[in-house]
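A single structure is presented below for examination.
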Number of protein chains: 2
Amino acid sequence: MNPVPPNPSQNPAAAATGAAVGPTTAAAGPSSSPTFSPLYQQIKALITQSLQSGEWKPGELIPSEVELANRFKVSQGTVRKAIDELAAENLVMRRQGKGTFVSTHHEARAHFRFLRLMPDEGVPHYPESRFIEVKRMRAPADVARLLDLKSGDAVIFIKRVQYFDGVPTIVEELWLPGLTFKGLTAERLVEYKGPMYGLFESEFGTRMIRAAEKIRAVCADAGAAALLQLAEGTPLLCSERVSFTYGDKPVELRRGLYSTERHHYQNDLN
Amino acid sequence: MNPVPPNPSQNPAAAATGAAVGPTTAAAGPSSSPTFSPLYQQIKALITQSLQSGEWKPGELIPSEVELANRFKVSQGTVRKAIDELAAENLVMRRQGKGTFVSTHHEARAHFRFLRLMPDEGVPHYPESRFIEVKRMRAPADVARLLDLKSGDAVIFIKRVQYFDGVPTIVEELWLPGLTFKGLTAERLVEYKGPMYGLFESEFGTRMIRAAEKIRAVCADAGAAALLQLAEGTPLLCSERVSFTYGDKPVELRRGLYSTERHHYQNDLN
DNA sequence: AAGTGGTCTAGACCACTTT
DNA sequence: AAGTGGTCTAGACCACTTC
């Protein structure tokens, strides 16, 4: 145990590193390796692995800092710094006195992280969905490219309209890798209430952690106008969004048309 | 337990707090105050004050962590945590081996933090401006409300077009509080090269640190269409942005119309 | 009372930059 | 060699939650 270390000045990092973490060491000896990686980054990677593998599932409590420090044979401070970064990236949530929880999309807090359309007046409600089409198909070239698939690979295609307080506001099309979301059916989508990302997380073990969005302005064509109950030619926001799961793997392409008659896209630049 | 330390465990934080930081103490005695504020937050506030007051100007080096720790009579670790947060908020930039610098808008890195319009192809260039109108006026009610002024207060109005690689892409109107930007003239704007925020920072001591943006889709009216050399009715992104300086004080209202023929608004959701 | 995350300290050493 | 930020440790204590 060595509770009262008589040893004055060995390098504790080196000892700990050699004991539990890989040889990609932080301070092993006189010559440091060219691919230097801080200990806490290695710990962060290990924790991320456990999150990705499902060892700790969304909503669950992860082991305490002290426990993780013992497991990895590092100090609590090092674990803390690793978890700090994971919390900053919204992979986990810390709660003083209770512990650290795996983030989940089954939470009001998470609902508006990816949906930035806000009502001009009143408090935001989560929209209701009406599914128009759900089918399996082969990935067109552009979809394949964005999802890191081969052209012609199986994908699931979804088209739906979203209603805010009964008003049709968003029409969007989604493409999902068929392999990752094998077994996703229209019935399952319709019966599931709440954000699709919650379903993906619970039923398919795939958690969206990041997204890249590109926005343009377009005019509503006949189809979109009909679905959104607007005049043809009405200006709409056109969003193309690619969402990523662990390892920066793209697992969703979403193309949406947003009516901004009563809503606006909100963005805070920090 | 207390195995080793002969030190009669006084609370060092309390001592330090009483010595240099305000009475809003972290751990002064048996009963903690209801308005608890960690030491590092107090240090952060003090550093922010020095930034705001101009004691350290944009681009300059601030005192080292050791020096600040001595000044405030706290440990280096506490200063470090304060600066960590300031760096996360883009108020300062750390550079290993050199020191910590006050952030500035006179930097390529900062140019695209508030301007999210990216070319569909090719690398982003900073646009050139053509000023159409610069005048002093009285704030309309809506402008006054957003800038936290009284209706009728003096404001500076600016209208300009921005060109990317010679193509007119943005037409925008700005309103600035007359008091803060007293002496801002069309001549000064025209002769100044580079982002306006650099001018505001250098000449008026006002640094934008945050902005809130709302985006809609609209159709180009005759005026916008002419300036952007587009057909009337072309869909445009319509942005309303309020920028804030220290103390969450709003100091700029900007309403822009963005052509998305060859550009798109880019947003990363983390 | 016990366990968790949150704060604070003190000291050591590393990586990077400049002198 | 000296100075800066960056990492790591060990230990103390605080605030919060639960038992």
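Here is how names work: the chains are called A, B, and so on, in the same order as the sequence lines, proteins then strands, and each is numbered from 1. What you see is a predicted model; the values in this text were computed from it and never measured.
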| said: For DNA chain D, please output the secondary structure as dot-bracket, reading 5' to 3'. Pairs are Watson-Crick or G-U wobble, both atom distances under 3.5 Å; mark crossing pairs with [ ], other-strand partners with |, unpaired with a dot. | reply: ||||||||||||||||||.
| B:Tyr265 and A:Asn267: side-chain donor and acceptor closer than 3.5 Å? |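 Yes, a side-chain donor-acceptor pair sits under 3.5 Å.
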| message | Determine whether A:Lys44 and A:Glu89 satisfy the following criterion, salt bridge (Lys or Arg N to Asp or Glu O under 4.0 Å), listing intermediate values before the conclusion. | response | CA-CA 12 Å; A:Lys44 183 183 168 189; A:Glu89 294 168 19; 2.7 Å; yes
| query | Are A:Ser64 and C:dT4 close enough that a side-chain N or O sits under 4.0 Å from OP1 or OP2? | reply |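 The answer is yes; a side-chain N or O of A:Ser64 sits under 4.0 Å from OP1 or OP2.
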| message | With a sphere of 6.0 Å drawn around CD of B:Glu191, does it hold more than 12 non-hydrogen atoms of other residues, nucleotides or ligands? | response |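 Correct, the count exceeds 12.
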| field | salt_bridge(B:Lys214, B:Glu240) N-O dist < 4.0 Å | value | no
| task | Looking at every strand, decide which applies to B:Arg80 at a 4.0 Å heavy-atom threshold: base, sugar-phosphate, or nothing. | result | base
| request: Side chain of A:Ser75 only, please: which of D:dC8, D:dG5, C:dT7 is the nearest? | output: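 Nearest listed nucleotide: D:dC8.
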| query | Between A:Gln96 and A:Gln41, which has a closest nucleotide on DNA chain D that is more 5'? | reply | A:Gln41
| Whole-Å distance separating the NZ atom of B:Lys81 from the C1' atom of D:dG5 | 18 Å
| said: On DNA chain D, does the nearest nucleotide to A:Gly97 precede the nearest nucleotide to A:Gly77 from the 5' side, or the other way round? Give the residue. | reply: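 The residue whose closest nucleotide sits nearer the 5' end is A:Gly77.
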| Just wondering, more than 12 heavy atoms not from B:Arg109 lying within 6.0 Å of its CZ? |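 Atom CZ in B:Arg109 is not crowded, with 12 or fewer foreign heavy atoms closer than 6.0 Å.
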| Side-chain N or O of B:Lys98 closer than 4.0 Å to phosphate OP1/OP2 of D:dG3 | no
| query | So, is A:Thr78 close to the D:dT7 phosphate, meaning a side-chain N or O under 4.0 Å from OP1 or OP2? | reply |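 It does not, given that no N or O in the side chain of A:Thr78 lies less than 4.0 Å from OP1 or OP2 of D:dT7.
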| Going by atom types alone, do A:Tyr192 and A:Glu203 pair a side-chain donor with an acceptor below 3.5 Å? | no
| message | From C-beta outward on A:Leu39, which listed nucleotide comes closest to its side chain: D:dG6, C:dT9, D:dT9? | response |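 When the side chain of A:Leu39 is considered, D:dT9 is the closest of D:dG6, C:dT9, D:dT9.
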